[in-house]
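Below is one structure, written out as structure tokens, with a few remarks after it.
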Amino acid sequence: MTSTPTSPQQPALPGTRAGGLRRRTVVAAGAAGAAVLPLAGRLPSATAAEGPSFLHGVASGDPLPDGVLLWTRVTPEPAAVPGSGKGAAVEVAWEVAEDAEFTRTVASGTAKAEADSDHTVKADVRGLAPATGYFYRFTAGAGTSPTGRTRTAPAEDATAGNLRFGVASCANYEGGYFASYRHLAARRDLDAVLHLGDYIYEYGHGEYPTGNRAVRTVQPEHEILTLADYRVRHGHYKADADLQAMQAAHPVIAVWDDHEFADNAYGGGAGNHDPETEGPWDDRVAAAKRAYFEWMPVRPSTEGTTFRRLRFGRLAELYLLDLRSFRDEQATIGDGRAIDDPDRTLAGRKQLEWLKSGLSASRAQWKLVGNSVMISPLAFGSVPAKFLGALAELLGVPREGLAVNTDQWDGYTADRTELLTHLRRNGVTDTVFLTGDIHMHWANDVPLLAADYPRVAPVATEFVVTSVTSDNVDDVLRVAPDTVSGVAESAVRTANRHVRWVDMDSHGYAVLDIDAARAQMDYYVLSDKKDPDATSACRRSYRTASGTSRLERADAPVG
């Protein structure tokens, strides 16, 4: 999986900065080239040709001011399916151009697709112009990949006018269709898509959603355990046309959560991993991580995990966390001493110190934290009994109520207190946590102590995105969305005054827009996750004005 780039030519068109295309020009070029991009939704599934073919699309990720990571997977022959270990090595060429017709190529190189890396290919392209849109593609033998579109980050010292990210999490293949990805792919105003975890799920067919409610069947049909299993699962997800369209349309910035490994994973195991029958946890984790880095357009950190930092000029710095590899096992519900134990950690000491020092030293205005589990404190209080069962199934809280979700930062309060106290003491402002995991839309102020809110100002804000397809309250209760959950939502808000809004029923995605004045999250919902042609609409928008660390409702979505 090696890549050998040639020296890129710096484009020098009239009216451009640092040799790059102006943003308006890039948008126009994207529209003109849409016909060559796989953005039409559920295209017919391709079948392997006799020669090399590209059945799993293309992707880019982790944009830098001067480069981006490109990804594809080559099927060298029909038998060389993901996880098979079959197929000869194949020479793959890649090229990056200013235009969709590739008449103005700015970078090119070659890579080797081999069975040892499941015939996946990555090219870490450098020497590109900042804040610039590009097109890219791969070729192998007579086969040519779909054309992808990507975009570099602003220069580190640039004052960007705004940034706009799609945000998604929790895409269970059997739970429904990936219409959220289709809607994100259709947008031409995004700098990247931020995926906050659970890109794949490890369950076998029919295990989740429960009750024989699978909308479609995942491959392999058994729970994934081995390297071959994880490769097959990643490949099956990437055969989905809506996912392919999203990855081809925008750079993807991803972190993992638990289901890239197993449910409620921690440093030494997982809630649904049995070493007696499923083998050593370390072997399973190693297989899952290897497959993840093969199949995802993600640069691993020096620790071999997903915690890393990306800079977007002076406007924003994005800290991406790994909250699975270093955490202690989740506390037993009801054991308050374990929850508050200062020796128990969620982030791990090295990662927590890295995050604290980075936030306090950052020269960027907005400090964004890609955070896979909710950091805001959450008590369930007097939620009516009929909703407790649904919440227990979703979050692992007791059906008796008055509980916390110990898989979130609530289960590791020492880490949370240390981080939030650091923000307060060091005057770190404009910190926004971006969170997935919980299968609901939330808009939260983040208090240092929930009991002091709102008398004492919060230290940060948090935008939580719902699931693409994974179950939430209406699914568990088997009722129509927006019919019964209002009572539970009101009870949660009453017990948690810092929760400004929660939507327990919807599936969808979000769009984050930031500029010098504010950061705004627009929450989009699907008409029906089981409908491959589902429409989407903006349900609600919240923003935080610079310097306030408080949320307020916005009148309309951006763009």
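Position 1 is the first residue of the sequence; numbering continues from there.
- D229 and H222 are linked by a side-chain donor-acceptor pair at a separation below 3.5 angstrom, with hydrogens and angles left out of the test.
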Inset, instruction - Could you please spell out the steps behind the side chain to side chain contact (heavy atoms under 4.5 Å, CB included) verdict for V68 and Y136? - result: CA-CA 11 Å; V68 70; Y136 65 95; over 6 Å; no

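- With respect to the salt-bridge test (charged N to carboxylate O, under 4.0 angstrom), the residues D240 and R216 qualify.
- The distance from atom CD1 of I224 to atom CD of E260, rounded to the nearest 0.5 Å, is 9.5 Å.
- Nearest heavy-atom pair across D263 and A270 is O-CB, 3.4 Å.
- Side-chain contact between D531 and Y177 is absent, with no heavy-atom pair separated by less than 4.5 Å.
- Nearest heavy-atom pair across A80 and K86 is CB-O, 3.2 Å.
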Inset, instruction - Could you give me the CA-CA distance, side-chain angles and deciding distance for D124 and R299, then say whether salt bridge (charged side-chain N to carboxylate O under 4.0 Å, His left out) is met? - result: CA-CA 9 Å; D124 199 346; R299 291 187 188 88; 2.8 Å; yes

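- To the nearest 0.5 angstrom, D437 atom CG is 10.5 Å from S467 atom OG.
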Inset, instruction - List the steps and the verdict of salt bridge (charged side-chain N to carboxylate O under 4.0 Å, His left out) for D116 and R290. - result: CA-CA 11 Å; D116 186 59; R290 179 171 175 178; 3.1 Å; yes

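- In this structure, T120 and R231 have side chains that are not in contact, with every pair of non-hydrogen atoms separated by 4.5 Å or more.
- With values rounded to the nearest 0.5 angstrom, L368 atom CG is found 6.5 Å from L512 atom CG.
- For H183 and Y524, the distance between ring centers is not under 6.0 angstrom.
- The closest side-chain donor-acceptor pair between T406 and Q330, if any, does not fall under 3.5 angstrom.
- Using the six-membered ring where Trp is involved, W501 and H441 have ring planes that are parallel, under 30° apart on the 30 and 60° scheme.
- Within the 4.5 Å cutoff, the side chain of R324 has heavy atoms near those of the D257 side chain.
- Pairing each heavy atom of L526 with each of S536, the nearest pair is CD2-CB, 4.1 Å.
- Residues D118 and H234 have side chains not in contact (no heavy-atom distance under 4.5 Å, counting atoms from C-beta outward).
- For V92 against A113, the heavy-atom pair with the smallest separation is CG2-CB, 3.9 Å.
- Using a 4.5 Å heavy-atom cutoff, the side chains of N371 and L323 are in contact.
- With rounding to the nearest 0.5 angstrom, the CE atom of M521 is 11.5 Å from the CZ atom of F165.
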Inset, instruction - Check the pair R73 / L55 against side chain to side chain contact (heavy atoms under 4.5 Å, CB included), numbers first and verdict last. - result: CA-CA 7 Å; R73 199 260 178 184; L55 306 184; over 6 Å; no

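- Nearest heavy-atom pair across R188 and A186 is NH1-O, 3.1 Å.
- Taking CH2 of W71 as the reference point, atom NE2 of H56 lies at 7.0 Å (rounded to 0.5 Å).
- Between the CE atom of M296 and the NZ atom of K238 there is a distance of 5.0 Å, given to the nearest 0.5 Å.
- A donor-acceptor contact under 3.5 angstrom links the side chains of E202 and N272, judged on distance only.
- Using a 4.5 Å heavy-atom threshold, the side chains of D242 and M246 count as separate.
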Inset, instruction - For the pair K529 and V215, evaluate side chain to side chain contact (heavy atoms under 4.5 Å, CB included) and give the outcome as yes or no after the intermediate values. - result: CA-CA 9 Å; K529 70 170 184 173; V215 176; 5.7 Å; no

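- In the model, Q520 has no side-chain atom that pairs as donor or acceptor with a side-chain atom of D513 under 3.5 Å.
- Counted by atom type alone, H507 and D475 present one or more donor-acceptor pairs between their side chains at under 3.5 Å.
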Inset, instruction - Go through Y173 and Y201 one step at a time and tell me if the ring pair (Phe, Tyr, Trp, His ring centres under 6.0 Å) criterion holds. - result: CA-CA 8 Å; Y173 189 90; Y201 276 71; over 10 Å; no

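- Side chains of N444 and M374 form a contact here, defined as non-hydrogen atoms less than 4.5 Å apart.
- Taking the six-membered ring where the residue is Trp, W256 and Y292 present perpendicular rings, their angle passing 60° and hence far from 30°.
- Contact record, H236 with Q219: CD2-N, 3.3 Å, taken as the closest heavy-atom pair.
- Using modelled atom types, one finds a donor on one side chain and an acceptor on the other under 3.5 Å when comparing S541 with D522.
- Taking the six-membered ring for Trp and thresholds of 30 and 60 degrees, Y542 and Y523 have ring planes more than 60 degrees apart, a perpendicular arrangement.
- Y237 and Y181 have their aromatic ring centers separated by at least 6.0 angstrom.
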Inset, instruction - For salt bridge (charged side-chain N to carboxylate O under 4.0 Å, His left out), just list the numbers for D322 and R327, CA-CA rounded to whole Å, side-chain angles, deciding distance to a tenth of an Å, and then say yes or no. - result: CA-CA 9 Å; D322 174 1; R327 70 158 72 197; over 6 Å; no

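- Looking at R137 and E95, their side chains come closer than 4.5 Å, going by heavy atoms from C-beta outward.
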Inset, instruction - Determine, step by step, whether E278 and E223 satisfy the side chain to side chain contact (heavy atoms under 4.5 Å, CB included) criterion, reporting the C-alpha distance in whole Å, the side-chain angles of both residues, the deciding distance to 0.1 Å, and the verdict. - result: CA-CA 10 Å; E278 296 177 324; E223 182 180 340; 3.6 Å; yes

